[in-house]
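All values below come from the heavy atoms of this structure, side chains included, with hydrogens, waters and symmetry mates left out.
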Amino acid sequence: MEFDNIEYVSTTDGINEDEIHHHNLQHPHPHHAHHQFSSSKPHNATNTTNNGNTTTNNIVGPTAIAPATSVHELLECPVCTNSMYPPIHQCHNGHTICSTCKTRVHHRCPTCRQELGDIRCLALEKVAESLEMPCKYYNLGCPEIFPYYSKLKHEAMCNYRPYNCPYAGSECSVVGDIPFLVGHLRDDHKVDMHTGCTFNHRYVKSNPREVENATWMLTVFHCFGQYFCLHFEAFQLGMAPVYMAFLRFMGDETEARNYSYSLEVGANGRKLIFEGTPRSIRDSHRKVRDSHDGLIIQRNMALFFSGGDRKELKLRVTGRVWKEQQNPDTGVCIPNLCS
């Protein structure tokens, strides 16, 4: 089994002006909409007939005026479509844009192409201060409503926010819920999928003297109705090359605390054992690795476990996952082992 190399791909935030113009042609800015309103009060029309009699017709209009553009739509940036936060900028024609996108469009209004100066839309900023808005993940199940300026802080930590792809072999930008990411890992990254709460994996590397920070492997396990990512990789720890294995839970940190796992590697009468709680995939792969929260094997010990002439790395890592259950009588957590 060979290791893969990570390639880091950078992206730019620049936006082509022609693309923005095309976007606005397809989605006209809400500020340009013209609305016709009818009075909600009844109108009395008086008609005089030929015989001199007078008739009155009651013409009743709509009972309420329904604005076609909501305040939330007015606060939507025409470029990124996110809610705008102060400073909110506007051009001389009154078209608004968020401060981030102002730089991205090179200080030129995406609606009318006029130059964007330093004009602030203070009226819209004051309207924003008075609003309470739903979390942007409301369509994923979040029921919370926050004052406008508290919304961003909540969304950064919202339990309903999508997860980043846990595959560390590339800077994958895919996000989604757990079922979606499981399918993504299986179909797009060709990750090995296993069922059960015990594992027995053999890692082989033909030249253990060459250790790169980018060599690693990922396996996904399904047990207790949850998914776990088993990582194994080689990297430099200071001047010394090491191998490391650790487990991540595909869910939030509070759920991850309900589980424990153990990893074991050994041979020739020696053994290394690690026990701990899996980290949530909310914590990046690099963050977990750099915290050394897992089974760490020095290269000399890894070669000793490999046996033979030590010219080839052959490590067998075994482990298991169990769920912690609290005893209602004693309050002590007891392991729930799967069969």
Side-chain angles (χ1 to χ4, degrees), residues 8-35 65-165 171-177 180-181 282 284:
Y8 295 95
V9 180
S10 61
T11 60
T12 59
D13 290 330
I15 294 181
N16 184 280
E17 289 189 6
D18 293 333
E19 294 178 357
I20 297 171
H21 182 61
H22 176 71
H23 171 80
N24 284 307
L25 288 176
Q26 292 178 326
H27 307 281
H29 196 280
H31 294 179
H32 287 174
H34 297 280
H35 314 294
I65 299 174
T69 303
S70 70
V71 176
H72 300 301
E73 290 174 330
L74 291 175
L75 288 169
E76 183 180 278
C77 174
V79 176
C80 66
T81 70
N82 293 325
S83 297
M84 293 186 290
Y85 291 84
I88 299 175
H89 297 277
Q90 67 176 14
C91 70
H92 289 284
N93 292 325
H95 305 129
T96 54
I97 189 171
C98 73
S99 57
T100 301
C101 290
K102 179 188 175 187
T103 304
R104 296 176 65 189
V105 299
H106 309 295
H107 301 274
R108 190 166 294 278
C109 177
T111 304
C112 66
R113 301 292 183 163
Q114 294 295 316
E115 183 177 355
L116 288 166
D118 294 322
I119 305 175
R120 295 268 293 274
C121 187
L122 300 179
L124 201 55
E125 290 181 8
K126 288 186 178 295
V127 169
E129 293 176 357
S130 65
L131 288 182
E132 287 191 345
M133 302 183 68
C135 171
K136 73 176 180 180
Y137 303 120
Y138 71 91
N139 59 332
L140 299 179
C142 182
E144 302 293 340
I145 296 177
F146 294 91
Y148 195 72
Y149 291 111
S150 301
K151 181 170 171 284
L152 283 181
K153 184 177 180 180
H154 161 78
E155 289 171 350
M157 301 299 295
C158 178
N159 290 335
Y160 292 90
R161 72 190 188 278
Y163 295 88
N164 294 320
C165 173
E171 291 298 312
C172 183
S173 60
V174 171
V175 298
D177 59 16
F180 172 80
L181 289 181
R282 295 288 191 200
S284 69

Between the main-chain N or O of Q90 and the side-chain N or O of K102, is there a donor-acceptor pair closer than 3.5 Å?
-> no
Step by step, work out the side-chain contact (heavy atoms from CB on, under 4.5 Å) result for V105 and L116.
-> CA-CA 10 Å; V105 299; L116 288 166; 4.3 Å; yes
If you take all heavy atoms of F180 and V174, which pair is closest and at what distance?
-> CE2-CG1, 3.5 Å
Compare every heavy atom of L181 with every heavy atom of C165, then report the nearest pair and how far apart it is.
-> CA-CD2, 4.1 Å
Do T111 and N93 come within less than 4.5 Å of each other through their side chains, counting heavy atoms only?
-> no
Smallest separation among heavy atoms of I97 and C77, with atom names | CG1-SG, 4.0 Å
Pick from L124, L122, D118: which one makes a side chain to side chain contact (heavy atoms under 4.5 Å, CB included) with R120?
-> L122
For the residue pair H95 and C112, what are the closest heavy atoms and their distance?
-> ND1-SG, 3.4 Å
Quick one: closest heavy-atom pair of T81 and E76, and the distance?
-> O-CG, 3.3 Å
So CZ of F146 and CD of E132: to nearest 0.5 Å the spacing works out to 10.0 Å
Show me the donor-acceptor pairs, under 3.5 Å and distance only, between side chains in residues 150-160 and residues at least two apart or in other chains.
residue	atom	partner	partner atom	Å
K151	NZ	E155	OE2	2.8
E155	OE2	K136	N	2.9

Does some side-chain heavy atom of H107 sit less than 4.5 Å from a side-chain heavy atom of H89?
-> no
Exceeds 12 heavy-atom contacts within 6.0 angstrom, atom CG of N139 | yes
State, with a plain yes or no, whether a side-chain heavy atom of L140 is found less than 4.5 Å away from one of D177.
-> no
Nearest-0.5 Å distance that lies between atom OG in S284 and atom CG in N164 = 9.0 Å
M84 to L74 - nearest heavy-atom pair and separation = CE-O, 3.5 Å
Side-chain heavy atoms of I88 within contact of L75, under 4.5 Å = yes
